[in-house]
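Since we're looking at a predicted model, the values are computed, not measured.
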Amino acid sequence: MTSNTWLVAGLGNPGPGYSRNRHNVGQMVLDELASRTGGSFKSHKSRAQVAEGRIGIGGPRVVLAKPLTYMNLSGGPVSALARFYGIEPENIVAVHDEIDIPFNTVKLKRGGGEGGHNGLRDISKALGTKDYLRVRVGVGRPPGRMDTADWVLKNFGTAESKELPFLVSDGADAVELLVTEGLLAAQQKFHSGA
């Protein structure tokens with residue numbers, strides 16, 4: 001690792017109309033992390049809301065970022081913040097919704113494909129690499145023949161909403177473990193039940 005500073009980007013769409021959408025679960029996780037680190041989000045010139053803090057006492061420094069662009073344009077703010085703070089791709093974590101894993105499941109990986117996720121695709125393009133970390137928060141597949149875009153832009157259902165705080169907490173736990181113990185330790189904890 002080149003630095004003990006991490007950039008953690010919670011992907012989503014700006015504005016209250018999107019705040020409870022499945023697509024915004026990454027930003028929900030960042031709100032939880034900000035609450036845990038005592039940080040508060042402030043506007044940054046990179047077109048993102050940013051909160052700074054540490055994971056644990058004397059632990060790694062984290063820059064928590066919620067891009068203010070729409071999901072498909074997440075790359076600009078993420079790459080601008082990486083340059084501003086001098087953070088290399090190996091210390092960048094994208095927290096995002098993932099339809100290819102079940103609701104209530106969190107998985108982690110480094111690099112690889114974007115699985116049709118336009119926010120990840122834009123980050124990869126802006127950074128010039130796919131070799132950054134991802135915390136994938138499962139929102140499940142759309143029912144029947146529902147369009148994927150319609151599904152992720154819907155709010156969580158009633159039953160899901162009861163479980164959502166636990167999912168968001170797991171996502172925050174996964175980020176904390178990732179930056180303090182590394183990818184393998186985080187994968188061992190979160191992938192063991194799958």
Side-chain angles (χ1 to χ4, degrees), residues 1-14 21-30 33 44 46-50 55 60-102 105-141 148-149 151-153 170-191 194:
M1 300 284 169
T2 54
S3 150
N4 208 26
T5 299
W6 293 77
L7 173 58
V8 182
L11 305 190
N13 286 314
N21 287 179
R22 289 176 177 87
H23 225 16
N24 276 44
V25 74
Q27 293 195 352
M28 295 175 201
V29 169
L30 258 71
L33 285 166
H44 190 274
S46 64
R47 295 178 304 154
Q49 289 187 317
V50 174
I55 304 283
R61 180 172 173 239
V62 289
V63 176
L64 305 174
K66 297 193 294 186
L68 293 171
T69 55
Y70 284 88
M71 174 69 83
N72 297 358
L73 301 172
S74 299
V78 171
S79 63
L81 286 166
R83 283 192 304 277
F84 182 83
Y85 287 97
I87 299 171
E88 295 296 323
E90 62 262 26
N91 277 37
I92 296 174
V93 182
V95 185
H96 64 91
D97 60 308
E98 177 62 71
I99 63 165
D100 288 329
I101 56 178
T105 304
V106 174
K107 293 193 178 277
L108 303 94
K109 72 176 189 174
R110 177 187 303 280
E114 290 98 2
H117 197 293
N118 292 328
L120 293 176
R121 186 174 295 129
D122 200 58
I123 291 172
S124 298
K125 182 178 167 193
L127 293 176
T129 181
K130 294 180 180 186
D131 197 27
Y132 54 92
L133 295 150
R134 297 103 186 267
V135 172
R136 305 159 66 212
V137 183
V139 297
R141 285 210 153 280
T148 300
W151 173 248
V152 297
L153 291 174
D170 283 351
D173 289 348
V175 171
E176 289 180 339
L177 196 56
L178 177 62
V179 303
T180 57
E181 304 290 330
L183 179 60
L184 187 59
Q187 284 176 327
Q188 286 173 337
K189 178 176 183 353
F190 284 94
H191 296 196

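- With Y85 as reference, V50 is the one residue of N91, V50, L7 to meet the side chain to side chain contact (heavy atoms under 4.5 Å, CB included) rule.
- To the nearest 0.5 Å, the span separating OG1 on T5 from CD on E88 amounts to 12.0 Å.
- Atom CG of L183 is separated from atom CG of L177 by 10.0 Å, given to the nearest 0.5 angstrom.
- Interatomic distance, D170 CG to T105 OG1, rounded to the nearest 0.5 Å: 9.0 Å.
- Here A9 pairs with L11, V78 under the side chain to side chain contact (heavy atoms under 4.5 Å, CB included) rule; sequence neighbours left out.
- Within a 6.0 Å radius of NZ in K125, other residues, nucleotides and ligands contribute 12 heavy atoms or fewer.
- Partners of A174 according to the side chain to side chain contact (heavy atoms under 4.5 Å, CB included) rule, which considers only residues two or more places apart in sequence or in another chain, are V106, L108, V135, F190.
- Listed by chain and number, the residues in a side chain to side chain contact (heavy atoms under 4.5 Å, CB included) with S79 are R83, A126, L127 (sequence neighbours excluded).
- Checking side-chain atoms of D97 against main-chain N and O of V25 turns up no donor-acceptor pair under 3.5 Å.
- Residues V152 and N21 fail the side-chain proximity criterion, which asks for heavy atoms closer than 4.5 Å.
- A salt bridge links D100 with R141: the closest approach of a Lys/Arg side-chain nitrogen to an acidic carboxylate oxygen falls below 4.0 angstrom.
- For residues 175-187, every residue pair satisfying the side chain to side chain donor-acceptor pair (under 3.5 Å) rule, not counting sequence neighbours, is listed here: R36-E176.
- None of L133, T129, I123 except one satisfies the side chain to side chain contact (heavy atoms under 4.5 Å, CB included) rule with P89; the exception is T129.
- In this structure, CH2 on W6 lies 8.5 Å from CD on E90, to the nearest 0.5 angstrom.
- The nearest pair of heavy atoms linking G116 to R121 is CA-NH2, 3.4 Å.
- Scanning for ring pair (Phe, Tyr, Trp, His ring centres under 6.0 Å) contacts around H23 gives H117, with sequence neighbours left out.
- Within the 4.5 Å cutoff, the side chain of L153 has heavy atoms near those of the N13 side chain.
- Residue L33 comes nearest to A172 through the heavy atom pair CD2-O, 3.7 Å, listed as atom of the first residue, atom of the second, then distance.
- Distance check, rounded to the nearest 0.5 Å: NZ of K189 to CG of D173 gives 6.5 Å.
- For the pairing with H96, the side chain to side chain contact (heavy atoms under 4.5 Å, CB included) check across R136, E114, Q27 returns one residue only, R136.
- A distance of 4.0 Å separates OG1 in T148 from CD1 in I99, rounded to the nearest 0.5 Å.
- Counting all heavy atoms, side chain and backbone alike, G112 lies closest to K130 at O-CD, 3.4 Å.
- V29 approaches G171 most closely through the heavy-atom pair CG1-C, 3.7 Å.
- Panel note: side chain W151, backbone R22; no donor-acceptor pair is recorded below 3.5 Å.
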Please tabulate, for the side chains in residues 60-71, all donor-acceptor contacts under 3.5 angstrom to protein atoms that are two or more places apart in sequence or on a different chain.
unit_1	atom_1	unit_2	atom_2	d
R61	NH2	E52	OE1	2.7
K66	NZ	D31	OD1	2.6
T69	OG1	L73	O	2.9

